[in-house]
Every structure is written in structure tokens, then in C-alpha cells.
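Predicted, not measured: the structure shown is a model, and the values here were computed from it. Residues take their numbers from the sequence shown, with the count starting at 1.
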Amino acid sequence: MSPEEHPAKKMKMDEKIIGTHNGTFHCDEALAVFLLKRTNAYANAGLKRTRDPAILNTCDIVVDVGGVYDEKTQRFDHHQRGFEEIFGHGFTTKLSSAGLVYKHFGKEIISNRLQVPQDDPKIETLWLKLYKEYIEAIDAIDNGISQYPSDLKPRYRIRTDVSARVGFLNPAWNEAVDSETVDAKFMQASALVGTEFLDRLDYYANAWLPARDLVLEGLKKRKEVDPSGRIILFERFAPWKEHLFELEESLAIPDEEKPIYVLYPDETASNWRIQAVPVSPESFESRKALPEQWRGVRDDALSQLSGVEGCIFVHASGFIGGNKSKEGVLRLASLALNM
């Protein structure tokens with residue numbers, strides 16, 4: 001076969017080609033390939049799985065093989081000695097091919113999915129959120145980075161994460177398989193991890209981000225609810241804890257002005273809730289729990305004790321309570337602030 005007839009050269013002439021390694025596949029390159037197919041440059045690209053340098057050198061972009069990380073030449077491997085690239089923005093986990101592709105192409109992929117410009121502020125927010133909640137764990141697992149110190153013994157084994165599920169799609173050691181079968185399994189794995197990525201993106205864009213906007217609006221208007229700024233009122237229920245702590249930090253709200261109580265309508269009934277803000281998103285300890293004398297008291301007895309009509313309950317720990325009206329929870333919050 002003459003050089004002109006080399007199959008790699010023919011691939012190069014016909015279409016753009018994404019290159020990655022053949023053989024056993026992992027979650028990181030399965031996702032990297034899926035993500036590249038969601039970019040403008042590689043949407044219609046073919047895929048070549050090989051370790052042959054001659055073929056890889058003809059590919060337009062190569063991920064997870066080749067021993068080179070160079071954005072200019074579109075080479076995105078992470079196995080070479082001295083590679084220590086991280087995502088930045090407070091993240092310190094070494095990147096895999098998934099993280100590398102996401103770092104360079106993630107904003108474009110999110111922009112294409114949502115059909116909004118890349119300079120829209122929500123793109124940056126979602127880009128960071130998806131790395132934190134989905135990509136970073138894939139990077140860490142592929143690079144052998146544990147979540148916790150190695151001297152701690154896990155109480156149970158987790159093998160249901162997406163990296164494990166991708167791994168299980170590889171043929172068993174005692175199966176006789178050809179390259180076409182393994183390539184087909186790889187595409188199945190790529191679709192699995194990629195579809196889950198898109199599902200997460202859709203959730204964060206269509207549910208998580210609107211909740212963040214609601215919390216931001218409540219923070220900005222909280223002094224209209226109470227001059228102290230220590231009470232937030234939402235006219236509709238939305239998940240608020242995570243957003244509240246992140247926004248308090250980004251807005252540099254001083255401790256003495258941080259909200260103590262959050263008020264919102266019950267999502268399943270026509271009642272209202274008052275909830276004490278915890279000291280951290282995962283904590284059961286409140287910044288200021290509802291008054292001790294109200295805790296565990298219900299209905300009319302609570303209304304008589306507090307002097308507020310329409311009371312339903314206050315939890316025994318004081319972290320949450322209920323009233324039949326918005327005015328009722330407002331009154332409870334105002335009283336609790338000064339008790």
C-alpha cells in the first residue's frame with residue numbers, strides 16, 4: 001500500500017476524526033468523546049480508537065492517549081509524566097481527559113445546549129456547577145484520587161457511580177471479543193455517561209438556576225420584609241439552602257446581616273413555613289432556632305403561647321414551624337428574632 005492509500009490519510013480527507021485509545025475504556029474518554037460531539041467543530045466527526053501513533057497523528061483531535069496536552073494542536077492526554085493540570089476556580093483535582101475537554105469546550109457545549117450566548121452570566125455559573133457536581137469525580141476516579149485519607153476504612157463499597165457503570169460495560173476478561181464489539185460497547189458507554197451529563201445540565205439550567213434567582217431576589221428584598229434584613233420571604237417554595245450560603249459569600253454579606261429565618265409557602269398545602277437557617281448547608285444546628293418555649297407545641301396551644309393566630313406547630317428541635325398564613329409566619333419570625 002502506498003502512503004497515499006494509507007487508511008488514516010483517507011479518514012483525514014473524508015471528515016474530521018476524534019482519536020482515542022482502543023482496548024479497555026474508561027469513563028473519562030467516554031465522556032470526552034461525547035462532549036466533543038456536542039461542539040461546533042466536532043459535531044460530525046468520526047471516531048478512531050487506536051494506539052497507533054501514525055493513525056493518531058492524522059486525527060484532528062486526540063483524547064486520553066498520546067502523552068501530550070496541547071490545546072493548539074488539540075491533544076488532550078493526562079497520563080504523561082509532569083502533567084498536573086487542574087480546573088482552577090478553587091478546584092485542585094488533577095484533570096482527566098474528561099476534565100480537559102470540559103475545561104476547554106464546556107462553555108460552548110452548555111451554550112449550544114441552552115441556545116444562549118457564551119457570554120451570558122448563567123453559562124459561567126453552570127460551567128462551574130457541572131464541574132463540581134459531575135466532572136470532578138470522574139477526573140478524581142480516573143487519576144486514582146481518593147475522597148478521604150487512605151487510613152480510613154470505608155463502611156461500605158460504592159460501585160454504582162457513573163465511572164463504575166461505564167467500567168462494567170467493558171467485555172468480561174473471559175469473553176472472546178473483536179475490536180468492532182469493543183468499539184460498540186465504547187459507544188454505549190459514551191452515550192450512558194453523556195446522557196447523564198445532559199440530564200444534569202438540563203436540571204441545573206431549568207430547576208437549580210431558577211431557584212438561585214429566586215433566592216437572590218429574596219436576599220435583595222429582605223430589608224423590605226424586616227428592616228434588620230434577618231428574614232427572607234419567598235412567595236413560592238424552592239430549594240434555597242445551598243444557594244443562600246453561596247450567595248451570602250459572593251455578595252459578602254456581613255455576619256450581623258445574614259438571614260436567620262426563611263419564610264415560604266408549603267409546597268403541598270396552603271400553609272406557610274418558618275425555617276431557621278442552619279449554620280452550614282449540611283448542619284442540623286441553626287443560626288438561631290425558634291424559641292425553646294415554642295418547641296414541640298402545636299395548634300391552639302401554640303397560638304395562645306406565642307400570641308399569634310393560626311399556628312400549626314414548631315418542631316421539637318426548633319428548626320422549623322408552621323402557620324396557616326403568611327402574616328402568621330412573619331409575626332412568628334419577628335417575635336423570634338427578639339427572644
I'd like to know if [Y] and [X] are part of one continuous hydrophobic network [Ile/Leu/Val/Met/Phe/Trp/Tyr, side-chain heavy atoms within less than 4.5 Å].
X	Y	result
Ile109	Leu192	yes
Val329	Leu244	no
Leu214	Leu209	no
Ile274	Leu305	yes

What's the separation between atom [atom1] in [X] and atom [atom2] in [Y], rounded to the nearest 0.5 Å?
X	Y	atom1	atom2	answer
Arg212	Glu246	CZ	CD	5.5 Å
Ser250	Leu247	OG	CG	4.5 Å
Asp226	Ser228	CG	OG	3.5 Å
Thr92	Ile145	OG1	CD1	8.0 Å
Ile61	Glu71	CD1	CD	9.5 Å

Just by distance, do the side chain of [X] and the backbone of [Y] share a donor-acceptor pair under 3.5 Å?
X	Y	answer
Thr58	Ile55	yes
Arg295	Ala316	no
Asn323	Ser325	yes
Asn271	Pro265	no
Arg200	Leu198	no
Ser190	Leu31	no
Asp60	Ile17	yes
Arg38	Leu35	no
Ser111	Lys107	no
Glu175	Ala172	yes

Short side-chain donor-acceptor distance under 3.5 Å, [Y] and [X]:
X	Y	answer
Asp52	Thr50	no
Gln74	Tyr42	yes
Ser303	Asp300	no

How about [X] and [Y]: do any of their side-chain heavy atoms sit closer than 4.5 Å?
X	Y	answer
Glu29	Phe186	yes
Ile253	Leu219	yes
Glu124	Leu128	yes
Val33	Ser97	no
Phe25	Val166	yes
Leu251	Leu216	yes
Asn44	Glu15	no
Val116	Ile123	yes

Give a yes or no on whether a salt bridge exists between [X] and [Y], defined as a side-chain N under 4.0 angstrom from a carboxylate O.
X	Y	result
Glu327	Arg331	no
Lys326	Glu235	yes
Arg273	Asp266	yes
Glu136	Lys129	no
Glu256	Arg230	no

When the ring planes of [X] and [Y] are compared, do they come out parallel, tilted or perpendicular, using 30° and 60° as the limits?
X	Y	result
Phe87	His89	tilted
Trp127	Tyr102	parallel
Trp208	His243	tilted
His21	His26	tilted
Phe197	Tyr134	tilted
Tyr264	Trp240	tilted

What heavy-atom pair brings [X] and [Y] nearest, and what distance separates the two atoms?
X	Y	answer
Ala289	Tyr261	O-OH, 3.4 Å
Phe34	Thr195	CZ-N, 3.9 Å
Ile110	Leu126	CD1-C, 4.0 Å
Ala205	Leu114	CB-CD2, 3.6 Å

Which of Asp77, Asp139, Asp64 passes side-chain hydrogen bond (donor to acceptor under 3.5 Å, both in side chains) with Ser96? It is Asp139
Measure centre to centre between the rings of Tyr131 and Phe91, then say whether the value is under 6.0 Å. yes
Walk me through it: do Glu248 and Lys241 pass the test salt bridge (Lys or Arg N to Asp or Glu O under 4.0 Å)? CA-CA 11 Å; Glu248 284 179 340; Lys241 285 184 186 177; over 6 Å; no
Go through the structure and list residues passing side-chain hydrogen bond (donor to acceptor under 3.5 Å, both in side chains) with Lys103, not counting sequence neighbours. Glu85
Before you tell me yes or no, could you show the steps for Ile141 and Cys27 under side chain to side chain contact (heavy atoms under 4.5 Å, CB included), namely the whole-Å CA-CA distance, both residues' side-chain angles and the distance that decides it to 0.1 Å? CA-CA 9 Å; Ile141 289 170; Cys27 193; over 6 Å; no
Walk me through it: do Ile158 and Asp161 pass the test side chain to side chain contact (heavy atoms under 4.5 Å, CB included)? CA-CA 7 Å; Ile158 298 176; Asp161 59 90; 4.2 Å; yes
What do you reckon, is [atom1] of [X] surrounded by more than 12 foreign heavy atoms closer than 6.0 Å?
X	atom1	answer
Glu180	CD	no
Lys37	NZ	yes
Glu285	CD	no

